[in-house]
Amino acid sequence: MSLLEVKGFHAHYGKSHILHGIDMEVPEAAIVSLLGRNGSGRSTLLKAMMGLVPPTAGTVTLDGWQLCGRRPFDICRKGIGYVPEERLIFPNLTVEENLAMGVQKGAPGAHRWSVAEMYDYFPRLKERRAIRAGYLSGGEQQMLTICRSLLGNPRVLLIDEPTEGLAPKIVEVVMEVILDIGRRGVAVVLVEQKLTIALKVAREVMVMGHGELVFRGTPEDLAEKPDIRRRWLEVA
Ligand SMILES: Nc1ncnc2c1ncn2[C@@H]1O[C@H](COP(=O)(O)OP(=O)(O)OP(=O)(O)O)[C@@H](O)[C@H]1O
Ligand SMILES: [Mg+2]
């Protein structure tokens, strides 16, 4: 059994049918990249895995535990961390206080992260630990959001476009951190627009098109399918 399983998942926003019967599995400690064009449903699928979008049919299970219908807080406690596209920080709290807000016992068996490890990943956050988060740059806020989710000690981390709008040097750092998270045994589902990064970090790649999974395989498999890339990924 995979750690996280999505089965026959359909979702609607009002009358719009957005996800059309998604089946996917996230194995323990795997980094999975979820690719697709704008509007293909990638963020909606992450939200579904976090219980933020209810199914009109289908299920999501974490280690066999049905999470649909549960509160996001309980889903988080069971071991799913979520880094949304919009950087969710508390602007009036300092960096250190934001990190403290993220600390949770986490799921049994999950790697236990410390604030010191977060500062090792992103020394810039350490330098700015007494600053209110609202004064951080976009890149720093992104780092803070990732760290806060990690401090919840998740078994699966869902990350939505973490490198968007970041300077190339910081993109490299974020990529290394994601690889390291994987090495510590945490599974990652990564939505990433930059194809080179998505392929470099992933063990498995899934491509979404119009709310369906249209390809799954290894990064090498995808490299051999120029037709898939042309049709579902590259901007014409
Ligand atoms: N809250 C919402 N209400 C209504 N429609 C929505 C809502 N959020 C997203 N959608 C629509 O659902 C579809 C899928 O959106 P989603 O955000 O999942 O796409 P995406 O692949 O993450 O792309 P991007 O991040 O580039 O927007 C789009 O057509 C979008 O317009
Ligand atoms: Mg999105």
Side-chain angles (χ1 to χ4, degrees), residues 4-26 31-60 67-72 75-76 80-89 138-139 141-146 148-149 154 156-166 170-171 174-175 178 187-202 204-217 219 222 225 228-236:
L4 189 65
E5 291 190 354
V6 180
K7 282 211 180 104
F9 198 97
H10 289 255
H12 290 70
Y13 288 123
K15 286 198 171 126
S16 311
H17 194 170
I18 305 293
L19 297 182
H20 298 258
I22 302 284
D23 290 298
M24 74 177 270
E25 300 93 43
V26 181
I31 300 182
V32 175
S33 281
L34 197 55
L35 304 172
R37 289 217 174 92
N38 294 122
S40 57
R42 298 159 303 162
S43 297
T44 305
L45 181 51
L46 290 194
K47 286 177 188 157
M49 293 175 183
M50 193 61 211
L52 297 169
V53 170
T56 35
T59 58
V60 184
L67 63 80
C68 299
R70 312 280 183 159
R71 292 177 307 169
I75 294 170
C76 174
I80 302 190
Y82 174 51
V83 182
E85 228 171 331
E86 55 285 357
R87 291 147 193 179
L88 283 187
I89 47 132
Q141 291 186 2
Q142 183 64 62
M143 296 173 204
L144 183 57
T145 313
I146 293 172
R148 229 191 36 214
S149 302
V156 187
L157 189 63
L158 315 173
I159 317 183
D160 202 345
E161 304 212 25
T163 68
E164 205 190 2
L166 302 190
I170 306 175
V171 170
V174 169
M175 200 180 80
I178 291 171
V188 177
V189 183
L190 173 69
V191 172
E192 173 57 61
Q193 201 66 35
K194 298 180 184 71
L195 194 58
T196 45
I197 291 180
L199 297 181
K200 211 158 158 186
V201 301
E204 201 175 349
V205 177
M206 300 191 191
V207 179
M208 285 190 83
H210 307 312
E212 292 181 60
L213 284 180
V214 293
F215 172 85
R216 62 195 299 172
L222 185 62
K225 299 263 182 198
I228 296 278
R229 292 173 60 146
R230 246 191 325 271
R231 178 152 181 216
W232 299 109
L233 296 176
E234 284 151 17
V235 182

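Keep in mind that this is a model prediction, so the values were computed, not measured. Each ligand, and each atom within it, is numbered from 1 in the order the structure gives.
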- Task: At a heavy-atom distance under 4.0 Å, which protein residues reach ligand 1? Sort them by chain and number, would you?
- Result: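 Within 4.0 Å of ligand 1, the protein residues are Tyr13, Ile18, Arg37, Asn38, Gly39, Ser40, Gly41, Arg42, Ser43, Thr44, Glu85, Glu161.
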- Residues which pass salt bridge (Lys or Arg N to Asp or Glu O under 4.0 Å) with Glu25, listed by chain and number, not counting sequence neighbours: Arg216
- Message: According to side-chain hydrogen bond (donor to acceptor under 3.5 Å, both in side chains), who are the partners of Glu212, at least two apart in sequence or on a separate chain?
- Response: none
- Query: With a cut-off of 2.8 Å, does any N, O or S atom of Thr44 fall short of it relative to the Mg ion (ligand 2)?
  - Reply: no
- Task: May I ask you to decide if the ring planes of His17 and His10 are parallel, tilted or perpendicular, using 30° and 60° as cut-offs?
- Result: tilted
Can I get a per-line list of side-chain donor-acceptor pairs under 3.5 Å for residues 46-53, giving both atom names and the distance, sequence neighbours left out?
none

- Message: Please find the pair of heavy atoms, one from Val189 and one from Val26, that lie closest to each other, and give the distance.
- Response: CG2-CG2, 3.7 Å
- Query: Any chance NZ of Lys225 has more than 12 other-residue heavy atoms, nucleotides or ligands included, within less than 6.0 Å?
  - Reply: no
